[in-house]
Amino acid sequence: MAESLRPDTTQQLCDAIAAAAAGQTKLRLRAGGSKDAIGSPTPGVPVLDMRGFHGVVDYDPAELVLTVKFGTPLAEVEALLANEAQMLAFDPFDHGRLLGGSRGAATIGGVVAAGVSGPQRLSCGAARDHLLGFEAVSGGGEAFKAGSRVVKNVTGFDLSKVVAGSWGRLIALTQLTLRVVPRPPSRVTLVRRGLDPDAAVAAMARALGSPAGVAAAAHLPAWQGSPATLFRLDGFPESVTARADTLGKVIGAGPLDSLRDDAGDALWDDIRDAVLLPLDRPLWRIVVAPGKATAVVAALDAVDWMFDWGGGLVWAVTAAGADAVRAAADAAGGHATLVRADAETRTAIPAFHPPLPGVADLEASVRRAFDPAGVFDNGRF
Amino acid sequence: MTLTMPTADPAVLARRSEIVAALRTIVPGEGVIEHPDGLKPYETDGLTAYRQPPMVAVLPETTAQVAAVIRWCWDNDVRIVPRGAGTSLSGGALPLEDGVLLGLSKLNRILEVDYVDRVVVAQPGVTNLAITRAVEADGFYYAPDPSSQIACTIGGNVAENAGGVHCLKYGLTTNNVLGVEFVTAAGDVLRLGGRGLEPPGFDLLGLVVGSEGLLGIVTEVTVRILPKPESVRALLIGFASVEDAGRCVAAIIAAGIIPAGMEMMDRPAVQAAEAFVHAGYPLDVEALLIVELDGPATECTFLVDRVEEIARANGAASVRASTSDQERNLFWAGRKAAFPAAGRLSPDYYCMDGTIPRRRLPDVLGRIRALSDSYGLGVINVFHAGDGNLHPLILYDANQPGQLEQAESFGADILKICVEVGGVLTGEHGVGVEKRDLMPVMFSAADLDQQKRLKCAFDPKLLLNPGKMIPELHRCAELGRMHVHGNELPFPDLPRF
């Protein structure tokens with residue numbers, strides 16, 4: 001493994017990055033390493049270990065705001081919030097199980113930097129929607145901040161958006177301020193069996209266009225032996241009961257099966273972690289307009305798949321080549337990310353969907369604005 | 001007026017007729033305006049203290065025309081100021097003497113409504129309210145609802161990241177836009193985002209929303225629409241003290257309730273609004289809270305009862321829950337009329353827009369009142385209490401020498417307090433010209449340099465809306481090399497593994 005630097009202070013981080021910039025060398029940002037197996041391997045690139053930035057800076061439940069250092073374990077943050085009956089609305093998750101290992105390594109900074117959002121993202125927004133502000137060091141080794149600690153803020157460019165999901169390619173985040181939300185007091189998962197993919201997408205669209213207030217919607221083509229279209233409702237118990245009634249009427253054809261509490265939560269965890277799909281072929285994450293979800297899977301050979309986000313997210317395990325997957329995503333106006341594959345495949349195939357030519361130029365300019373020497377352009381993506 | 005705008009370039013002013021002729025080859029007929037009478041309506045926006053007619057105004061009707069105008073300006077080093085409906089409260093559309101005013105009001109069609117993907121695709125000149133009007137018969141609406149929604153355009157909403165009373169629960173514009181067609185400073189047409197929930201690559205869309213026309217011009221917007229809630233109810237809650245009202249707001253949030261809207265008015269605002277619209281507001285209260293709840297009828301009933309309990313536990317002097325939409329609209333009528341009500345109290349008023357942490361409300365309100373006394377200018381306060389967004393309305397008379405300057409100074413003092421207590425200069429109105437020179441109150445030189453580098457990445461010639469948002473940026477080359485320190489150390493002194 002390549003050399004690893006572990007700064008404990010912002011000044012040390014500035015020095016490390018400035019030295020790399022001056023020396024024309026590269027750095028790879030890493031905290032828990034839960035997503036090491038995404039992107040091309042980068043042997044020989046020194047790792048900048050961000051776990052020295054650890055701990056909660058400020059948590060004010062009444063303000064619904066949390067400020068935390070980058071390398072704080074996600075599990076620690078979630079436990080802290082759960083104690084106050086709150087949570088991160090964007091449903092972040094640890095990639096451990098998805099990548100064939102175990103949970104526990106993911107950090108709050110890592111999930112925000114990678115824009116990791118689970119099934120609730122459909123109704124509650126993504127990491128980018130909940131990152132209110134941050135402190136960071138640029139690729140030039142300069143410490144700066146952006147955003148704020150309040151939810152409603154339009155002061156200056158909204159750098160939080162482009163930083164969330166940038167996968168460590170722009171800046172080294174040191175501290176994040178996140179919006180948190182109350183944890184719903186109750187949840188229920190409702191199931192409609194037997195719908196084909198088109199009917200499932202149509203049913204999810206009807207549900208999401210209804211006042212039932214669906215929090216998450218997914219479709220599994222073969223769950224415990226038959227297709228299952230799943231809806232998650234949450235809120236006050238009285239409200240969930242009323243919403244379930246509304247949803248049943250919108251979906252039609254009789255009452256929906258219901259999974260209570262633990263069984264429902266476990267199933268959504270499995271959907272979020274994509275563990276219901278086989279491990280034997282590359283795993284792709286394809287974001288599309290929901291109306292195009294079925295066209296994407298129809299275009300792929302030897303595919304096992306499921307829909308999340310009401311059809312807006314297609315998880316596909318397929319033997320089809322990267323060109324075929326990306327062509328299917330393009331045809332649907334979407335984009336495909338290679339999430340899991342062996343190192344050889346990941347070396348040959350870029351993880352991210354290639355940008356359109358004009359957008360690529362703009363992306364390059366934006367990268368130079370944050371990282372003029374290309375310190376973080378280390379070949380991983 | 002103490003505002004300094006970028007110095008007009010005499011060489012550009014001297015080429016005015018050539019520029020007008022060139023624009024006429026791109027946008028024929030009445031789409032190019034050069035006569036002073038025709039330019040008059042464009043000389044200011046919602047921040048009327050500042051006025052400057054543009055050199056010429058151009059009103060294209062297609063994306064191709066927008067792109068051609070921008071490309072011509074790029075090739076000829078001519079500055080551009082974009083404009084939607086001109087409702088900006090921060091001077092975001094204030095023209096430049098040597099600039100082309102690029103009005104997008106003729107791009108005013110809704111292009112597509114899709115209920116499977118739950119999106120509306122609209123041109124930038126479509127009004128905010130028109131989007132909801134286009135889908136409400138089918139049970140949908142567009143959530144962000146700035147108070148100018150009858151007039152303001154979706155393109156302007158994107159530029160300013162517009163908010164509204166419901167963003168506590170449903171987010172700002174940035175949380176509701178999925179994609180844009182975007183013309184760069186050089187006139188290239190790009191697509192950022194699409195109809196999916198996440199854009200590919202870097203989230204440039206997220207940067208463009210709220211960029212105040214400094215990064216490019218949006219020519220098409222795809223927004224997410226939401227199903228209309230089954231029922232909506234509101235409570236009108238009076239308090240004998242601002243502290244009680246503040247505690248009630250915190251207690252509602254602490255109970256796990258995120259209301260669709262939560263608005264507060266102080267005593268002078270309540271008195272002014274009641275005298276104007278007769279909404280039935282209690283006049284013996286120091287603070288009045290409107291809490292709106294939406295969802296299934298069962299949920300609304302449950303939450304209305306919960307909020308009423310919480311209000312009484314926090315010393316509410318009076319509580320009324322709406323029992324009909326008519327009554328709920330009456331509760332809102334006073335709040336929505338706060339601005340015109342201020343207009344009845346005073347010849348002029350100046351609306352501020354800072355955000356603070358919710359818990360600082362009583363303290364900040366006290367300091368605003370103290371400033372009001374020391375400046376000798378009245379102030380009425382309305383807040384989006386749920387998200388801590390303050391709208392103090394400073395009352396003044398522009399015909400009294402020095403009062404405008406006093407009002408501006410008072411406003412700046414309020415914004416400095418907002419930053420001091422952990423808040424921000426602007427919650428939803430934008431920086432524009434109004435708060436540009438206050439940016440260093442909130443940001444260090446390094447913070448601002450990073451913002452400037454981003455501006456230069458999109459617009460290296462600084463032709464798009466210069467003089468707005470960013471203080472003191474004359475040329476991108478001035479930014480120079482990023483400050484690199486410690487380069488005498490081949491390897492820094494770090495723990496190694």
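Chain A is the first sequence line, chain B the second, and so forth, proteins listed ahead of strands; every chain is numbered from 1.
Neither the backbone nor the side chain of B:Ala162 comes within less than 4.5 Å of any heavy atom of chain A. For B:Leu215, the part lying near chain A is the side chain, with the backbone staying farther off; criterion is any non-hydrogen pair under 4.5 Å. Heavy-atom distances place the side chain of A:Thr246, and not its backbone, under 4.5 Å from chain B. Using a 4.5 Å cut-off between heavy atoms, B:Phe302 touches chain A through its side chain atoms alone. Contact of A:Arg367 with chain B is made through the side chain alone, with heavy-atom distances under 4.5 Å. Contacts of B:Leu425 with chain A are made by both backbone and side-chain atoms, with heavy-atom separations under 4.5 Å. When heavy atoms are compared at a cutoff of 4.5 Å, B:Phe182 approaches chain A solely by way of its side chain, counted from C-beta outward. Heavy atoms of B:Leu192 lying under 4.5 Å from chain A belong exclusively to its side chain. Heavy-atom distances place the side chain of B:Leu190, and not its backbone, under 4.5 Å from chain A. Both the backbone and the side chain of B:Leu197 come within contact range of chain A, judged by heavy atoms closer than 4.5 Å. For B:Glu160, the part sitting under 4.5 Å from any heavy atom of chain A is the backbone (N, CA, C, O) and nothing else. Of the atoms belonging to B:Leu226, not a single heavy atom falls under 4.5 Å from chain A. Using a 4.5 Å cut-off between heavy atoms, B:His429 contacts chain A through its backbone alone, with no side-chain atom that close. Looking at A:Leu122, the atoms closer than 4.5 Å to chain B (heavy atoms on both sides) sit in the backbone and in the side chain alike. For chain A, the nearby part of B:Ile356 is the backbone; its heavy atoms alone come within less than 4.5 Å. For A:Arg179, the part lying near chain B is the side chain, with the backbone staying farther off; criterion is any non-hydrogen pair under 4.5 Å. The part of B:Met469 that comes within reach of chain A is its side chain, from C-beta onward, which places non-hydrogen atoms under 4.5 angstrom from that chain.
Remark: the backbone N or O of A:Ala369 is paired with a side-chain donor or acceptor of B:Gln450 at under 3.5 angstrom. Counting only distance, with no hydrogens or angles, the side chain of B:Thr355 and the backbone of A:Asn153 share no donor-acceptor pair below 3.5 Å. With B:Ser211 contributing its side chain and A:Phe157 its backbone, the two residues share no donor-acceptor pair below 3.5 Å. Looking only at distances, no side-chain donor or acceptor of B:Arg118 sits under 3.5 Å from a matching main-chain atom of A:Gly209.
Pairing each heavy atom of A:Val162 with each of B:Leu204, the nearest pair is CG2-CD2, 4.3 Å. Scanning all heavy atoms of the two residues, the minimum distance from A:Pro182 to B:Gly256 falls at CB-CA, 3.4 Å. When all heavy atoms of B:Pro199 and A:His335 are compared, the closest pair comes out as C-NE2, 3.4 Å. The two residues A:Arg149 and B:Gly422 make their nearest non-hydrogen contact at CB-O, 4.5 Å. Minimum interatomic distance between B:Gly427 and A:Lys152 (heavy atoms only, all atoms of both residues): O-CG, 3.3 Å.
Ranking A:Gly156, A:Gly23, A:Ser117 against chain B, the residue ahead of the rest is A:Gly156, based on heavy-atom pairs under 4.5 Å. Between chain B and the residues A:Val65, A:Thr155, A:Val151, the most heavy-atom pairs under 4.5 angstrom are made by A:Thr155. Taking chain B as the reference chain and counting heavy-atom pairs below 4.5 Å, the highest number among A:Pro211, A:Ala205, A:Ala289, A:Gly311 is found for A:Ala289. Chain A forms more heavy-atom pairs under 4.5 Å with one residue of B:Gly196, B:Ser90, B:Ala445 than with any other, namely B:Gly196. Of all the listed residues (A:Gly333, A:Ala202, A:Ala146, A:Ser239), the one sharing the greatest number of non-hydrogen pairs under 4.5 Å with chain B is A:Ser239. Comparing B:Arg191, B:Glu428, B:Lys228, B:Glu230 by how many heavy-atom pairs each has under 4.5 Å with chain A, the most go to B:Glu428. Highest contact tally toward chain A, considering only B:Ile470, B:Asn389, B:Leu438, is held by B:Asn389 [criterion: heavy-atom pairs under 4.5 Å].
A heavy-atom distance below 4.5 Å is found between the side chains of B:Leu303 and A:Phe236. Considering only heavy atoms from C-beta on, B:Phe458 comes within 4.5 Å of A:Val366 through its side chain. Residues B:Leu207 and A:Leu159 are in side-chain contact: their nearest non-hydrogen atoms beyond the backbone lie under 4.5 Å apart. Between B:Val209 and A:Lys161, the closest side-chain pair of non-hydrogen atoms is not below 4.5 Å. Between A:Leu208 and B:Pro227 the shortest side-chain heavy-atom distance does not fall below 4.5 Å. Side-chain contact between B:Glu198 and A:Arg121 is present, with at least one heavy-atom pair separated by less than 4.5 Å.
Residues from residues 124-136 of chain A that place a non-hydrogen atom less than 4.5 Å from a non-hydrogen atom of chain B comprise A:Arg128, A:Asp129, given in numerical order.
Residues that satisfy the side chain to side chain donor-acceptor pair (under 3.5 Å) test with B:Asp459, not counting sequence neighbours, are B:Lys455. Listed by chain and number, the residues in a disulfide (SG to SG under 2.5 Å) with B:Cys456 are B:Cys476 (sequence neighbours excluded).
A salt bridge is absent between B:Arg306 and A:Glu238; no separation between the charged side-chain nitrogens and carboxylate oxygens falls under 4.0 Å.
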I'd like a table of donor-acceptor pairs (distance under 3.5 Å, sequence neighbours excluded) in which one partner is a side-chain atom from residues 357-365 of chain A, with atom names and distances.
| unit_1 | atom_1 | unit_2 | atom_2 | d |
| --- | --- | --- | --- | --- |
| A:Glu363 | OE2 | B:Phe202 | N | 3.2 |
| A:Ser365 | OG | A:Asp361 | O | 3.2 |

Practice problem: Start with the C-alpha distance between B:Ile253 and A:Leu64, add both sets of side-chain angles, then the distance that settles side-chain contact (heavy atoms from CB on, under 4.5 Å), and finish with yes or no. | Solution: CA-CA 8 Å; B:Ile253 301 278; A:Leu64 300 175; 3.5 Å; yes
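The side chain to side chain contact (heavy atoms under 4.5 Å, CB included) test with A:Pro290 singles out one residue from B:Asp117, B:Val119, B:Asp114, and that residue is B:Asp117.
Heavy atoms from other residues, nucleotides or ligands lying under 6.0 Å from CG of A:Leu356 number 12 at most.
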